[in-house]
Amino acid sequence: MPQGKPAHVPEDGLTTRQRRNRPLVVVHTGPGKGKSTAAFGLALRAWNQGWPIGVFQFVKSAKWRIGEEHALRVLGDSAEGGPVTWHKMGEGWSWIQRPGSEEDHEADAREGWEQIKRDLAAETYRLCVLDEFTYPMKWGWIDVAEVIDVLRSRPGQQHIVITGRDAHPDLIGFADLVTEMGKVKHPMDGGQKGQKGIEW
């Protein structure tokens with residue numbers, strides 16, 4: 001594994017080990033494919049380390065059975081790595097039209113955020129994947145300043161991964177690691193819909 005050296009070492013009073021093991025806030029954003037996929041890749045690494053993992057899925061339909069969910073649930077139940085808990089917030093709001101008002105969806109998102117705050121306070125997980133969490137912030141359902149404040153003051157060694165397009169500039173400024181997925185080409189450009197094993 002390559003040994004990277006930081007270009008700048010802050011004078012923060014931390015040892016190299018303390019700085020290296022700081023819990024991170026990671027944001028995967030941008031218009032390209034792969035934001036959630038990369039987050040679930042991190043979840044696999046966390047599982048291998050034996051960390052408890054919490055996945056909070058905010059936008060994809062609760063009826064969708066995505067491949068990562070099944071795989072991580074099976075791994076979490078295997079007793080070989082860390083346990084995995086998967087939460088689906090509501091019935092999904094972005095790509096599928098469903099009964100229910102915007103107020104209902106907003107309430108579901110807010111309750112999801114309240115659950116995350118409870119789990120952060122209790123240090124339930126070592127890694128939290130907040131999948132598609134940028135959207136409730138973008139739509140004004142969840143206050144970005146509150147999210148940043150809660151994440152800044154979270155106790156223990158809890159890593160947070162947030163995915164979704166259009167991440168708020170304040171969230172980007174606060175995060176420790178931000179990756180923007182850019183689209184160069186996509187099969188949908190040529191009229192091809194998603195397929196098993198690639199999209200789910």
Side-chain angles (χ1 to χ4, degrees), residues 1 4 20-30 32-90 92 94-95 108-109 111-137 142 147-148 150-152 154-165 167 171-172 174-181 194-200:
M1 188 173 203
R20 180 177 193 170
N21 294 320
R22 260 186 337 112
L24 301 176
V25 173
V26 178
V27 175
H28 296 165
T29 193
K33 174 177 167 52
K35 297 177 287 292
S36 297
T37 304
F40 296 135
L42 287 177
L44 287 175
R45 290 178 177 174
W47 172 84
N48 185 61
Q49 295 299 324
W51 296 358
I53 301 162
V55 177
F56 297 83
Q57 200 170 27
F58 274 84
V59 173
K60 294 182 176 74
S61 169
K63 293 186 177 180
W64 289 4
R65 295 291 176 256
I66 64 169
E68 294 96 340
E69 177 183 357
H70 178 71
L72 283 168
R73 284 184 186 273
V74 169
L75 289 172
D77 291 341
S78 71
E80 291 190 25
V84 179
T85 306
W86 200 287
H87 304 272
K88 293 185 179 183
M89 307 293 130
S94 68
W95 298 291
D108 288 339
E111 176 49 36
W113 172 235
E114 291 302 317
Q115 181 61 52
I116 290 166
K117 290 196 292 185
R118 290 189 289 268
D119 284 329
L120 289 173
E123 299 183 56
T124 306
Y125 307 109
R126 183 79 185 270
L127 175 73
C128 291
V129 176
L130 312 186
D131 190 35
E132 314 283 10
F133 189 51
T134 60
Y135 296 105
M137 288 185 275
I142 296 172
V147 170
I148 292 171
V150 168
L151 295 182
R152 180 180 285 119
R154 71 192 187 282
Q157 293 291 310
Q158 301 179 84
H159 298 280
I160 311 296
V161 185
I162 297 172
T163 74
R165 295 182 181 210
L171 180 65
I172 290 173
F174 166 71
D176 301 291
L177 171 61
V178 179
T179 298
E180 185 173 52
M181 308 288 189
Q195 58 179 300
K196 293 179 182 179
I198 302 298
E199 271 75 30
W200 69 90

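Side chains of Gln158 and Thr124 form no contact here, defined as non-hydrogen atoms less than 4.5 Å apart. Put simply, the side chain of Leu75 does not reach to within 4.5 Å of the side chain of Val84, judged on heavy atoms. Taking the side chain as every heavy atom from C-beta outward, His159 and Tyr125 never approach each other to under 4.5 Å. Two residues are said to be in side-chain contact when any heavy atoms from C-beta on lie closer than 4.5 Å; Trp47 and Glu80 meet this criterion. Put simply, the side chain of Val161 does not reach to within 4.5 Å of the side chain of Leu24, judged on heavy atoms.
Atom CZ of Arg126 is separated from atom CH2 of Trp51 by 4.5 Å, given to the nearest 0.5 angstrom. Rounded to the nearest 0.5 Å, atoms CG (Leu72) and CG (Asp77) are 11.0 Å apart. Here the CE-OG1 distance, from Met181 to Thr29, works out to 9.5 Å after rounding to the nearest 0.5 Å. Between the OH atom in Tyr135 and the CD1 atom in Ile142 there is a gap of 14.0 Å [rounded to 0.5 Å].
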Could you walk me through whether Arg22 and Asp176 satisfy the side chain to side chain contact (heavy atoms under 4.5 Å, CB included) test, starting with their C-alpha distance in whole Å, then the side-chain angles of each, then the deciding distance to 0.1 Å, before giving a yes or no? CA-CA 10 Å; Arg22 260 186 337 112; Asp176 301 291; 3.3 Å; yes
Mind running side chain to side chain contact (heavy atoms under 4.5 Å, CB included) on Ile160 and Leu120 for me, showing each step along the way? CA-CA 10 Å; Ile160 311 296; Leu120 289 173; 3.7 Å; yes
Kindly indicate, with the supporting measurements, whether the criterion side chain to side chain contact (heavy atoms under 4.5 Å, CB included) is fulfilled by Thr134 and Lys35. CA-CA 11 Å; Thr134 60; Lys35 297 177 287 292; over 6 Å; no
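In terms of modelled atom types and a separation under 3.5 Å, the side chain of His28 and the main chain of Thr179 share no donor-acceptor contact. Judged purely by atom type and a 3.5 angstrom limit, Arg154 uses its side chain to pair as donor or acceptor with the backbone of Leu151. His87 places no side-chain N or O within 3.5 Å of a backbone atom of Phe56 that could act as its donor or acceptor partner.
For Lys88 and Glu132, the salt-bridge test fails: no basic side-chain N is under 4.0 Å from an acidic carboxylate O.
You'll find the ring centres of Trp113 and Phe58 outside the 6.0 Å limit.
Remark: Glu114 engages Lys117 in a salt bridge (Lys or Arg N to Asp or Glu O under 4.0 Å) (not counting sequence neighbours). Remark: Phe174 pairs with no residue by the ring pair (Phe, Tyr, Trp, His ring centres under 6.0 Å) rule, at least two apart or across chains.
With a 6.0 Å radius and a threshold of 12 heavy atoms from other residues, nucleotides or ligands, Arg73 has its CZ atom above the threshold.
Residues Pro155 and Ala121 share a closest heavy-atom pair of CG-O, 4.1 Å. Across every non-hydrogen atom of Ile172 and Val178, the tightest pair is O-CG2, 3.7 Å. Ala175 and Val27 make their closest contact through CB-CG2, 3.7 Å (heavy atoms, listed as atom of the first residue, atom of the second, distance).
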